[in-house]
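Below is one structure, written out as structure tokens, with a few remarks after it.
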Amino acid sequence: MDTRKVYIETYGCQMNIADTELLVGLLKPHGYEPTQKAEQADVILLNTCAIREHAEERVLKRLSELVRHKARKSGVLLGVTGCMAQHHREQLLDKAPYLDLILGPDAYRTLPNLLAQEETDAPLVAVRLDRDETYEDITPVRAEGIRAWVTVMRGCDKFCTFCIVPYVRGRERSVPLKPLLGQVRELAEQGYKEVVYLGQTVNAYRDGEFDFADLLRQTAKIDGIERIRFTSPHPSDISERMIETMAMLPKVSPYLHLPVQSASNRVLERMERGYTVEQYADLVGRLRRAIPGIALSTDIIAGFPGEDADDFHATRDFLERIRYDFAFMFKYSAREGTKAHKWGDTVTEDEKGRRLQAIIALQERISGEVNQAFIGQTVEVLVEGPAKRQADWLSGKNGQFKTVVFPGNGAQPGTLVSVRVATTTAHTLIGVAV
Ligand code: SAH
Ligand code: SF4
Ligand code: F3S
């Protein structure tokens with residue numbers, strides 16, 4: 001069989017990165033090898049995101065650049081997969097009529113067949129959402145390293161009013177526990193040290209009587225896996241048992257990404273997030289009592305429809321109160337098809353920008369202060385490899401998922417090294433091995 005080459009560019013969240021590894025895994029048995037160079041590829045795919053308008057604009061621009069590869073060699077196929085393919089299939093066909101393939105997140109299994117088909121002029125479109133598809137039997141071709149991303153559930157049933165995900169990823173469904181643990185055992189045998197469980201509401205994981213806490217407990221028993229992390233948990237789905245489980249298992253990282261979105265009850269209600277500010281703050285209190293030193297991060301949306309100055313100040317003050325380790329912050333972007341889309345975009349772009357800049361600056365200061373508290377402490381670092389900016393330095397993460405860099409001491413990737421922190425920035429701990 002001739003090897004053909006596939007080039008995939010990935011946009012969006014970690015679930016999409018994992019889906020790219022899945023796509024490569026699906027194509028491999030059909031004679032395809034991944035390549036990092038679009039110039040060498042027979043198949044070029046953009047695995048896309050629809051979460052904000054900006055993400056979609058980037059893809060359209062990129063397509064207009066990549067289309068030249070179709071002229072380079074006959075038979076080169078250009079396609080769009082992922083959330084934007086699901087969201088905007090018609091518009092994509094309008095704006096990029098040269099596309100050969102449009103494939104939604106539940107249609108990846110059809111890809112090898114579509115590629116094997118005789119050439120046609122019409123683009124091949126597969127965007128049926130499938131409430132049962134979990135790809136549990138497909139082995140992704142993973143990036144080498146010490147960390148493996150493992151999708152444990154797909155879809156989302158929460159329907160937050162601003163969010164496109166439930167429409168493009170379909171209904172919530174989990175990979176059954178047994179094949180999932182089998183996969184992780186295999187990863188441990190291959191030398192992976194850390195698993196990161198993925199799902200849009202990862203802690204809604206369920207297989208019959210087994211829930212997310214069971215998944216964590218079973219995973220912790222697997223020899224060779226040193227660290228277990230997951231993203232994104234939904235605040236409403238965090239059970240007492242999940243907290244207890246995190247507290248009792250040393251392998252589970254003391255780190256949680258807990259998106260709050262806003263700290264105004266009026267806004268949270270219209271977002272239909274399913275919690276109040278008080279409930280969320282109470283949850284943070286319980287987490288911090290049960291898991292001392294737990295690191296917390298969050299997501300914030302600035303300028304949701306109807307967000308006034310008071311709502312915004314409440315969110316700003318909440319950042320001061322919680323003191324997250326870090327935060328991802330976004331300007332609201334109206335998404336066609338969501339409930340909030342009908343409410344328009346009431347905060348001007350300028351005002352959204354001002355609000356965003358204000359909370360980014362604030363959080364930068366807080367992140368810096370939180371990290372300074374690590375100076376003088378010794379942290380345990382799982383080494384990943386060479387540091388990006390400094391030759392001969394190593395980089396890795398501590399349990400709280402903070403990047404730690406230190407002068408190389410000969411430690412290999414995948415080993416644990418104790419590092420004494422000497423200085424810090426808002427994003428990094430800098431120290432020496434002890
Ligand atoms: N499932 C995760 C969030 C996934 S999307 C959760 O519920 O926690 C990642 C982040 O993108 C969200 O937390 C939100 O902050 C942001 N986001 C989602 N839709 C958005 C929109 N329409 N405009 C701006 N930001 C948005
Ligand atoms: Fe979107 Fe809400 Fe689902 Fe997260 S929980 S993916 S924000 S609908
Ligand atoms: Fe984007 Fe889809 Fe992830 S919309 S954030 S790539 S689930």
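Start at 1 with the first residue, then count along the sequence. Counting convention: from 1, in listed order, for ligands and their atoms alike. Side chains are part of it too, since the values below use all heavy atoms of this structure and drop only hydrogens, waters and symmetry mates.
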For [atom], the protein heavy atom that lies nearest, with its residue and separation:
atom: atom 24 (C) of ligand 1; result: K331 O, 3.3 Å
atom: atom 8 (O) of ligand 1; result: P259 CG, 2.9 Å
atom: atom 15 (O) of ligand 1; result: Q261 OE1, 2.7 Å
atom: atom 11 (O) of ligand 1; result: R52 NH1, 3.2 Å
atom: atom 5 (S) of ligand 1; result: I51 CD1, 3.6 Å
atom: atom 19 (N) of ligand 1; result: F162 CD1, 3.3 Å
atom: atom 9 (C) of ligand 1; result: D299 OD2, 3.7 Å
atom: atom 3 (C) of ligand 1; result: Q200 OE1, 3.9 Å

Short side-chain to backbone donor-acceptor contact, [X] and [Y], under 3.5 Å:
X: S367; Y: E364; result: no
X: N203; Y: F212; result: no
X: R335; Y: A50; result: yes

Under a heavy-atom criterion of less than 4.0 Å, does A50 contact ligand 3?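 A50 counts as a contact of ligand 3 under the 4.0 Å cut-off.
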Non-hydrogen atom of M15 closer than 4.0 Å to ligand 3: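 Distance cut 4.0 Å: M15 fails for ligand 3.
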Kindly confirm whether atom 2 (Fe) of ligand 3 is within less than 2.8 Å of some N/O/S atom in C83?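 So C83 does bind atom 2 (Fe) of ligand 3 by this criterion.
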List the steps, then state whether side chain to side chain contact (heavy atoms under 4.5 Å, CB included) holds for E336 with Y167. CA-CA 10 Å; E336 217 178 308; Y167 303 93; over 6 Å; no
If you take the nearest heavy atom of each of [options], which one is closest to [atom]?
atom: atom 1 (Fe) of ligand 3; options: C49, G155, A55; result: C49
atom: atom 22 (N) of ligand 1; options: S333, C13, A50, C49; result: S333
atom: atom 6 (C) of ligand 1; options: R273, K158, H257; result: R273

Please work out, at 4.0 Å between heavy atoms, whether the side chain, the backbone, both, or neither of P166 comes within that distance of ligand 2.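 It is the side chain that gets close, since no backbone atom is under 4.0 Å.
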Heavy-atom contacts under 4.0 Å between F162 and ligand 2: side chain, backbone, both, or neither?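 Under 4.0 Å from ligand 2, F162 contributes side-chain atoms alone.
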Over all heavy atoms of both residues, which pair between Q200 and C156 is shortest? Give the atoms and the distance, please.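 Heavy atoms only, the tightest pair is CB-CB, 4.3 Å.
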Of the non-hydrogen atoms in V370 and R323, which two are nearest, and what is the gap between them?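 The pair with the smallest heavy-atom distance is CG2-O, 4.1 Å.
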Backbone, side chain, both or neither: what part of Q200 comes under 4.0 angstrom of ligand 3, heavy atoms only?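 Looking at Q200 and ligand 3, just side chain atoms fall under 4.0 Å.
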Of the backbone and side-chain N, O or S atoms of C156, does one lie nearer to atom 3 (Fe) of ligand 2 than 2.8 Å?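 Within the cut-off used here (under 2.8 Å), C156 does place an N, O or S atom near atom 3 (Fe) of ligand 2.
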Qualifying residue for side-chain hydrogen bond (donor to acceptor under 3.5 Å, both in side chains) with E307, from R355, R270, K352: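 Exactly one option meets the side-chain hydrogen bond (donor to acceptor under 3.5 Å, both in side chains) with E307, and it is R355.
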Suppose I only count heavy atoms of N16 and a 4.0 Å limit; which atoms of ligand 3 are within that range?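 This gives 6 (S) as the contact atoms.
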Which of the atoms in ligand 3, numbered in the order shown and given with their element, are less than 4.0 Å from a heavy-atom of C13?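 Counting from 1, the qualifying ligand atoms are 3 (Fe), 5 (S), 6 (S), 7 (S).
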